[in-house]
Amino acid sequence: MMNRWLLLKFCIVVWSAVATAKTIVETLEADDKFKVLVRQLKKTDLLQDLDQYREATVFAPANEAFNQAAERMTRAQLLYHILPRAIQTDDFYEGELLDTSYTEDGKSQKIKMTNNDNNKWSPAPNVEIVDPDVHADNGVIQVINGLLTPPKDLDQTMAECDQLHEFSDLAEKAHITTELKRATGYTIFATQDVLGDLTDPEKAYLNHSAARTDLAQVLRHQIADKVLYFGEIPTGKTQLETLQGEPLEIMLDKNNEVTVNGAKVLKTDILASNGVIHLVEKSILPKDRDFLKMDVRKTLIGLNATKFVSLLEGHGLEHYLKTNDAYTVIAPPNEELDESDVPRNMIRSWLKYHIVAKKYDLDNFTDGELLRTESSDHLGGDSKQRLIVHVIEQTQKPVNAMKKSVQFDRASLIGNPVPVDNSIIYPVSRSLALPRDPLSRLPLNLDLSTFVASLYASGAADDIRSAEGITLFAPTNKAFARLGILTKHLLQPSSQDKLADVIKFHAIKNELYYLNETTKGEHRAPTLAGTELNVNKTDDGNLYIRGTGAGDGSDRSVIGKVVRSDLLVSNGVIHKVDRVEIPVTLKVTNRDLLLAENTNSFVTLLSKTNISEHILDRLDEPYTILAPSDRAFAKLNVTELLQNPEQLLRIARLHVLPVAIPRMSLEPGQVSRLSSYFDDEGDDSDDTHSDVDGNGVEFESLLSDEKIVMKKVDAGYTVQVKGDSHSADVVNLGRATNNGGVIEIDRVLLPTDISGGRGLPWWAVLLIVIGVLLGAAVLAALGYYGWRWWKERRQGYISLDENRE
């Protein structure tokens with residue numbers, strides 16, 4: 001009886017226990033704090049499915065965890081709160097990964113458990129278990145104070161993690177973000193300083209969009225094509241193949257610390273829907289980085305000169321980008337490179353103008369140096385276009401700034417030069433401009449306006465423009481003025497061919513004489529005129545040119561000196577010179593000079609004599625003609641003179657000297673017309689080749705009994721007949737081909753028997769002056785005493801002698 005009673009009592013207890021037990025669903029439904037969760041489970045038809053779980057763990061957010069947006073949770077989000085097994089908090093361990101009921105691409109999404117500072121377990125950042133281990137008959141409910149969000153793909157996970165921003169940004173530059181989104185199981189060992197061990201040029205290159213392929217290689221070295229959670233890493237060393245191909249060495253030591261290629265893993269198991277990320281303390285670059293070997297091309301890309309690179313490649317110049325030859329590359333940035341300003345047929349030459357055929361370190365440059373570029377159009381032969389460089393010493397500079405800088409033409413250095421292989425690259429502020437053609441460059445120099453006018457007047461402009469590889473010596477305005485009357489003759493329309501010969505005589509063909517590159521000594525060079533010009537580089541570094549007419553090798557009255565050198569043009573180089581050189585082929589007679597000057601009256605006078613043809617047109621012997629201006633003849637009775645042939649011939653002969661034209665040099669500051677011709681700014685010549693000085697020089701004239709005296713005075717030069725007190729000023733002059741010439745004077749010279757004889761000597765003049773003064777004194781004394789006598793008589797004074805009588 002007793003046994004039956006005990007059995008009945010046991011059955012009642014068991015039935016009572018079974019009758020009062022609740023499932024997870026029933027527990028959730030029975031508690032109002034899960035009202036919102038239950039409603040979400042019902043909306044997604046998950047409440048009934050949850051009731052079918054044999055065992056489960058539900059991370060159940062209380063009502064307070066939901067907000068308005070969260071009340072539209074998806075089934076996937078809710079499944080992420082459910083584990084397909086029952087687990088209590090006592091069974092958790094730090095970093096444990098728990099499989100949830102939510103799967104993506106067939107893989108269960110995980111929850112990572114961490115124990116926070118409050119000794120509470122957390123299944124996600126900022127989410128804690130606030131009421132642990134609520135038991136149900138088919139599992140456990142862990143009450144949490146927030147919502148769990150399923151992991152996002154690798155790309156999004158890194159983008160939203162502050163510690164992974166750099167890797168994420170680089171992945172976007174490398175265009176591998178789509179791959180990371182679509183991956184079916186990657187492990188990424190990400191670093192905060194991904195490129196930390198690379199050089200600055202390498203970093204700059206990899207950060208450029210054009211380097212995305214090489215950047216992808218660097219990043220793929222940190223990615224494995226499998227999911228490796230921390231808990232799956234075996235103790236000791238293991239090799240993990242990467243997408244780049246070079247394996248990573250994973251080391252788990254006895255202290256449970258992990259390193260990757262020697263770099264410590266700071267944070268493990270950053271979960272993503274399609275993989276896992278581990279944060280490493282420093283960069284883990286491939287050991288074999290041949291794919292990253294920097295060349296000119298990659299360095300230019302890193303310097304934001306990709307447009308320059310593209311233009312080089314697009315015009316068949318890619319060999320400059322991948323070469324072991326030594327070059328200096330002038331690299332303009334993308335925003336300052338505009339090829340639209342360059343004619344299409346010149347783009348290739350323009351690009352090559354940015355490449356110098358030698359490696360120049362910063363200390364190798366000298367101010368004003370001409371660099372030999374790779375550009376060669378219009379120069380002929382093997383000649384290369386030059387680029388001028390200016391060296392700028394930095395007197396005030398920031399910390400770590402360069403002690404000196406350089407400027408290539410007008411392009412300034414904007415960064416440190418970057419050596420690469422045997423070359424060096426200089427980042428500059430702007431692209432270079434090819435030298436202009438000479439007819440565009442010359443007018444920019446106002447002191448060459450006469451030369452420019454002569455170019456066009458002579459018809460030689462096209463020859464100068466089209467010639468290849470010319471050295472053009474351009475005389476300044478003052479150089480033309482030094483020729484005096486000869487310049488006027490050459491600019492006459494009838495002298496066009498002569499002027500063309502003179503212009504072309506200053507253009508050396510097929511040879512470039514840059515100042516610093518010309519060797520010392522004498523050079524004879526063919527010109528466009530067909531004759532040779534002498535070029536001389538002296539020991540002091542000056543450059544001189546010489547045509548015909550020089551007394552000797554240092555005759556600066558004729559020899560031209562380069563006063564400004566190396567004006568670069570498209571087809572060569574221009575030097576400014578202070579003298580106009582005359583080719584030996586130029587034929588200029590005295591008649592040519594007289595007709596060019598204001599001396600028509602004198603030409604008429606000579607034409608009435610029998611000597612005109614001999615002295616005006618023949619070039620076999622030199623004559624110097626003293627030609628009075630038309631204004632000077634206006635002071636004479638020319639009509640009367642023409643009626644006296646004998647006197648006419650004597651006056652004509654008096655004005656002709658049977659010698660070469662004397663050499664004259666006027667000092668700066670003289671006020672005659674000639675002073676402006678010879679006073680050249682920058683002309684430091686010490687012209688000692690003057691035949692005329694301040695003491696005066698005598699010359700025989702064709703009038704045998706008269707001599708001509710030329711004298712240097714403060715205002716210029718004077719000319720007079722010896723023994724005559726009257727003198728004429730020299731107004732202008734010009735040299736003929738035979739070294740004779742014309743000297744224009746401002747009065748007509750007359751033989752002494754016509755002008756009134758010879759002048760008195762100084763002592764005679766002095767005696768006359770003294771006699772005049774003494775005579776004046778006697779007259780004054782007589783007048784005074786006469787006046788006193790008359791006054792006394794008028795007042796009644798009578799002499800005693802008269803009364804006695």
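Hydrogens, waters and symmetry mates play no part in the numbers below; they use all other heavy atoms, side chains included.
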Next on the checklist: Between Ser273 and Asp153, is the side chain to side chain donor-acceptor pair (under 3.5 Å) condition met? List the steps.
Outcome noted: CA-CA 5 Å; Ser273 63; Asp153 62 56; 5.6 Å; no
Next on the checklist: Under the criterion salt bridge (charged side-chain N to carboxylate O under 4.0 Å, His left out), I'd like the reasoning laid out for Glu160 against Lys152: C-alpha separation, chi angles, the key distance, then a yes or no.
Outcome noted: CA-CA 10 Å; Glu160 295 177 3; Lys152 298 177 181 179; 2.7 Å; yes
Checklist entry - Given Arg430 and Glu336, is the salt bridge (charged side-chain N to carboxylate O under 4.0 Å, His left out) satisfied, shown in steps? => result CA-CA 5 Å; Arg430 56 183 295 171; Glu336 296 297 332; over 6 Å; no
Next on the checklist: With salt bridge (charged side-chain N to carboxylate O under 4.0 Å, His left out) as the criterion, how do Lys504 and Asp463 come out once you've worked through the C-alpha distance, each side chain's angles and the decisive distance to 0.1 Å?
Outcome noted: CA-CA 8 Å; Lys504 293 179 182 179; Asp463 293 328; 2.9 Å; yes
Checklist entry - Between Val265 and Leu279, does a side chain to side chain contact (heavy atoms under 4.5 Å, CB included) hold up when you go through it step by step? => result CA-CA 6 Å; Val265 176; Leu279 180 64; 5.9 Å; no
Item to check | Residues Asp421, Lys293; criterion salt bridge (charged side-chain N to carboxylate O under 4.0 Å, His left out); working and verdict | outcome: CA-CA 10 Å; Asp421 292 334; Lys293 187 177 184 299; 3.3 Å; yes
Item to check | Stepwise side chain to side chain donor-acceptor pair (under 3.5 Å) test for Gln407 and His390 | outcome: CA-CA 5 Å; Gln407 182 173 310; His390 305 286; 5.2 Å; no
Checklist entry - Please walk me through it: do Asn477 and Ser449 pass side chain to side chain donor-acceptor pair (under 3.5 Å)? => result CA-CA 7 Å; Asn477 294 343; Ser449 58; 3.1 Å; yes
Item to check | side chain to side chain contact (heavy atoms under 4.5 Å, CB included) evaluation trace for Glu339 with Arg344 | outcome: CA-CA 8 Å; Glu339 73 279 13; Arg344 295 185 91 181; over 6 Å; no
Checklist entry - Yes or no on side chain to side chain contact (heavy atoms under 4.5 Å, CB included) for Tyr205 and Asp214, after CA distance, side-chain angles and deciding distance? => result CA-CA 9 Å; Tyr205 164 66; Asp214 289 340; 2.5 Å; yes
Checklist entry - Is there a side chain to side chain donor-acceptor pair (under 3.5 Å) between Thr191 and Ser283 once you walk through the steps? => result CA-CA 6 Å; Thr191 56; Ser283 60; over 6 Å; no
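A salt bridge is defined here as a Lys NZ or Arg NE, NH1 or NH2 lying under 4.0 Å from an Asp or Glu carboxylate O, and Arg348 with Glu374 fails to meet this definition. The existence of a salt bridge linking Glu281 and Lys264 is excluded, since no basic side-chain nitrogen approaches an acidic carboxylate oxygen closer than 4.0 Å. The pair Asp447-Arg564 does not count as a salt bridge, with every side-chain nitrogen at least 4.0 angstrom from each carboxylate oxygen. Ion pairing between Asp325 and Lys358 fails under the 4.0 Å rule for side-chain N and carboxylate O. With respect to Glu517 and Arg386, a salt bridge is recorded, a charged nitrogen being found less than 4.0 Å from a carboxylate O. Glu581 has no carboxylate O lying under 4.0 Å from a charged side-chain N of Arg546, or vice versa, which leaves the two without a salt bridge. Between Asp155 and Lys181 a salt bridge is recorded (basic side-chain N to carboxylate O distance below 4.0 Å). Using a 4.0 Å cut-off between charged side-chain N and carboxylate O, Lys537 and Glu522 make no salt bridge.
The line from CG of Leu215 to CD1 of Ile176 is 7.5 Å long, rounded to the nearest 0.5 Å. For the atom pair CG (Leu219) and CG (Leu285), the distance works out to 10.0 Å, reported to the nearest 0.5 Å. Of the inter-residue distances, the one linking Leu195 atom CG with Glu166 atom CD reads 6.0 Å to the nearest 0.5 angstrom. Here the OG1-CG distance, from Thr199 to Leu292, works out to 8.0 Å after rounding to the nearest 0.5 Å. For the atom pair Asn261 CG and Lys282 NZ, the distance stands at 10.0 Å (nearest 0.5 Å). Note that the CG atom of Leu448 and the CG atom of Leu455 stand 9.5 Å from one another [nearest 0.5 Å].
Among pairs with a residue in residues 448-474, those fulfilling ring pair (Phe, Tyr, Trp, His ring centres under 6.0 Å) read Phe473-His575, at least two apart in sequence or across chains. Pairs of residues two or more places apart, or lying in two chains, that qualify as ring pair (Phe, Tyr, Trp, His ring centres under 6.0 Å) and include a residue from residues 321-363 are Phe308-His354, Tyr320-Tyr327, Trp350-His354, Tyr360-Phe365.
Of all heavy-atom pairs spanning Glu241 and Pro247, the tightest one is OE2-CB, 3.9 Å. Among all heavy-atom pairs drawn from Pro427 and Asn416, the shortest one is CD-O, 3.7 Å. Here the closest heavy-atom approach between residue Pro443 and residue Pro438 is recorded as CD-O, 4.3 Å. Here the closest non-hydrogen pair linking Ser375 and Leu434 is OG-CD2, 3.9 Å. Closest approach of Lys561 and Asp578 over heavy atoms only: N-OD1, 2.8 Å. Ser454 approaches Leu499 most closely through the heavy-atom pair O-CD2, 3.7 Å.
Using modelled atom types, no side-chain atom of Asn542 and backbone atom of Thr538 make a donor-acceptor pair closer than 3.5 Å. Of the possible donor and acceptor atoms, none in the side chain of Lys576 sits under 3.5 Å from a partner among the backbone N and O of Pro475. His165 places a side-chain N or O within 3.5 Å of a backbone atom of Ala159 that can act as its donor or acceptor partner. Formation of a donor-acceptor pair under 3.5 Å by the Asp361 side chain with backbone atoms of Asp363 is not found in this model. In terms of modelled atom types and a separation under 3.5 Å, the side chain of Ser429 and the main chain of Ala411 share no donor-acceptor contact.
Annotation: Lys267, atom NZ; neighbour count of heavy atoms from other residues, nucleotides and ligands within 6.0 Å does not exceed 12. Atom CD of Glu532 sits in a crowded spot, with more than 12 heavy atoms from other residues, nucleotides or ligands closer than 6.0 Å. By the 6.0 Å contact criterion, NZ on Lys359 is enclosed, its count of non-hydrogen atoms from other residues, nucleotides or ligands being greater than 12. Enclosure of atom CG in Leu446 is not indicated, since only 12 or fewer non-hydrogen atoms of other residues, nucleotides or ligands lie within 6.0 angstrom. The environment of Arg212 atom CZ is sparse: at most 12 non-hydrogen atoms of other residues, nucleotides or ligands sit within 6.0 angstrom. Within a 6.0 Å radius of CG in Asp382, other residues, nucleotides and ligands contribute 12 heavy atoms or fewer.
Side-chain contact annotation: Glu313 with Ser310, donor-acceptor N/O pair under 3.5 Å absent. Side-chain atoms of Thr306 and Asn334 form a donor-acceptor pair, as typed in the model, at a separation below 3.5 Å.
With a 4.5 Å cut-off on side-chain heavy atoms, Val535 and Leu543 count as touching. Put simply, the side chain of Leu164 reaches to within 4.5 Å of the side chain of Ile270, judged on heavy atoms. Contact annotation: the side chain of Leu300 approaches that of Ile425 to within less than 4.5 Å [non-hydrogen atoms, C-beta and beyond]. Inter-residue side-chain proximity for Ile388 and Glu369 is flagged as unmet; no heavy-atom pair is nearer than 4.5 Å.
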